[in-house]
Amino acid sequence: MYLLELAGEDDAFARCEARSAASAVSHLAPGLATARGISSRGVRGLAYTHRASELIGTTNGDIQSARLLLELAGIDRDGSVRVRASRVRNTEIDTQEVERELGSVLVERGFSVDLDGPDHELRAVFSDSAERRSAESSSGVRSEATRGGICALGWLAAESARDFGGRMPTKKPFFQPGSMDPLLARAIANIAGAAPGKTILDPMCGTGGLLVEAGLLGARVVGADTQPKMVHGARTNLTHYDLDFELFRGDATWIPIQNNSADAVVFDAPYGRQSKVEGDLATLIAGALDEARRIAPRAVIVADRSWAEVAEDAGWVVENRLEKRVHRSLTRHVLVLSTG
Ligand SMILES: C[S@@+](CC[C@H](N)C(=O)[O-])C[C@H]1O[C@@H](n2cnc3c(N)ncnc32)[C@H](O)[C@@H]1O
């Protein structure tokens with residue numbers, strides 16, 4: 001069993017992405033999930049999971065409980081260790097004290113400590129418990145009875161590469177307002193199944209934000225946009241990252257490629273004033289979803305509202321619908337579609 005430390009504020013969204021790299025992903029506590037198995041390579045490419053660790057166990061969210069759990073745990077490894085403690089969400093635990101306490105348990109058990117390059121890293125993660133949150137929010141007061149939370153201990157197994165900052169839209173060679181944040185784009189690419197040997201199509205590619213992330217995951221990427229300057233700009237960006245791509249000027253409702261020629265279609269529907277749409281948006285989305293259904297067995301679409309009914313009318317089965325908060329006034333609706 002593995003412990004997943006999630007990133008961001010939307011756990012359901014993070015769990016949905018994590019399923020591309022882990023099996024049987026389920027909720028454990030705010031910001032934490034468990035999984036039965038993981039792909040280390042897959043975890044390295046996740047946006048909304050920081051780490052996966054081999055779960056030792058869970059206990060109450062206080063230092064003495066964490067200490068007891070570690071004292072009683074079977075440890076099937078040797079070599080040097082370090083302890084890293086983290087707070088997820090609202091706990092008030094002193095992480096330095098946790099590291100000292102758990103470090104001393106490991107020393108008592110015969111391990112040497114190496115803070116710079118240990119053979120093993122013990123993760124001690126503290127989260128608010130869901131029970132405490134709901135109790136607090138319904139009563140409006142924090143009582144002794146609901147104080148607490150959870151501690152999960154595990155041996156670090158894989159970490160995601162946090163290199164997204166360098167790919168923020170303004171840092172790419174071609175930038176336009178409305179370009180997708182690389183974290184969200186990476187998560188959509190993962191949910192779509194982007195990986196070596198797969199082909200991912202974005203028929204409204206804009207600056208290529210989704211295509212860059214899918215390409216970096218090893219997929220071959222294909223994109224189209226009605227605006228020539230976007231096609232040119234996306235080409236500049238995809239070339240910058242040295243990716244395997246094909247781009248053309250085209251309409252998302254009529255893409256000149258064969259039936260079933262991609263593994264998934266992804267798109268970020270036009271919204272707001274800065275996105276150009278010729279004609280009516282609902283007609284465009286319906287046509288694009290129809291065309292996507294012809295080209296691939298899976299689609300992940302992002303928009304400023306849910307297009308679930310329109311997707312069902314186009315013959316898609318809605319596997320999942322999620323909301324991802326971008327900032328205070330912008331929530332993106334994500335639909336995961338399959339042919340059933
Ligand atoms: C929200 S933007 C996509 C942003 C993109 N994900 C990025 O990271 O830059 C939507 C794009 O859809 C394009 N578009 C609008 N109508 C279209 C159509 N009928 N066919 C193809 N692209 C279209 C717009 O030109 C715009 O670039």
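Every number for a ligand or one of its atoms is a count from 1 in the order of the listing. When reading the values below, keep in mind they use all heavy atoms of this one structure, side chains included, and skip hydrogens, waters and symmetry mates.
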Can you list the ligand 1 atoms lying under 4.0 Å from a non-hydrogen atom of [X]?
{"X": "P203", "value": "21 (C), 22 (N)"}
{"X": "A269", "value": "1 (C)"}
{"X": "T207", "value": "7 (C), 8 (O), 9 (O)"}
{"X": "G178", "value": "4 (C)"}
{"X": "M180", "value": "7 (C), 8 (O)"}
{"X": "A252", "value": "18 (C), 20 (N), 21 (C)"}
{"X": "G209", "value": "7 (C), 8 (O)"}
{"X": "G206", "value": "9 (O), 27 (O)"}

Is any side-chain heavy atom of [Y] closer than 4.5 Å to one of [X]?
{"X": "S338", "Y": "V317", "value": "yes"}
{"X": "L122", "Y": "E99", "value": "no"}
{"X": "S53", "Y": "E121", "value": "no"}

Is it the case that ligand 1 has an N or O less than 3.5 angstrom from some N or O of [X]?
{"X": "D202", "value": "no"}
{"X": "L284", "value": "no"}
{"X": "M230", "value": "no"}

Quiz item: Should one rank S179, C205, G233 by closest heavy-atom distance to atom 5 (C) of ligand 1, which comes out on top?
Solution: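 Among S179, C205, G233, the closest heavy atom to atom 5 (C) of ligand 1 belongs to C205.
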Self-check item: Proximity winner for atom 12 (O) of ligand 1, if only heavy atoms of K229, E213, M204 are counted
Solution: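 The option holding the nearest heavy atom is M204.
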Practice problem: Just grab all the side chain to side chain donor-acceptor pair (under 3.5 Å) pairs involving residues 287-303, residues at least two apart or on different chains. | Solution: N259-R294, E291-R294, R298-E319
Exercise. Group every Ile, Leu, Val, Met, Phe, Trp and Tyr by side-chain heavy-atom contacts under 4.5 Å, then state whether L201 and V336 land in the same group.
Key: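 As far as the 4.5 Å side-chain criterion goes, V336 and L201 are not connected within one cluster.
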Quiz item: Should L156 and L3 be regarded as members of a common hydrophobic cluster, given that ILVMFWY residues are connected when their side-chain heavy atoms come within less than 4.5 Å of each other, either directly or indirectly?
Solution: no
Self-check item: Any donor-acceptor N or O pair under 3.5 Å, side chains S80, D119
Solution: yes
Quiz item: Is there a salt bridge (charged side-chain N to carboxylate O under 4.0 Å, His left out) between R167 and E213 once you walk through the steps?
Solution: CA-CA 9 Å; R167 294 196 301 283; E213 296 307 318; 2.8 Å; yes
Quiz item: With a 4.0 Å cut-off on heavy atoms, does A224 reach ligand 1?
Solution: no
Exercise. Take every heavy atom of A185, measure it against each atom of ligand 1, and state whether any distance is under 4.0 Å.
Key: no
Exercise. Could you check V302 against F267 for side-chain contact (heavy atoms from CB on, under 4.5 Å), going step by step and ending with a plain yes or no?
Key: CA-CA 6 Å; V302 186; F267 66 76; over 6 Å; no
Quiz prompt | Among D304, D181, D268, the one residue meeting side chain to side chain donor-acceptor pair (under 3.5 Å) with R332 | solution = D268
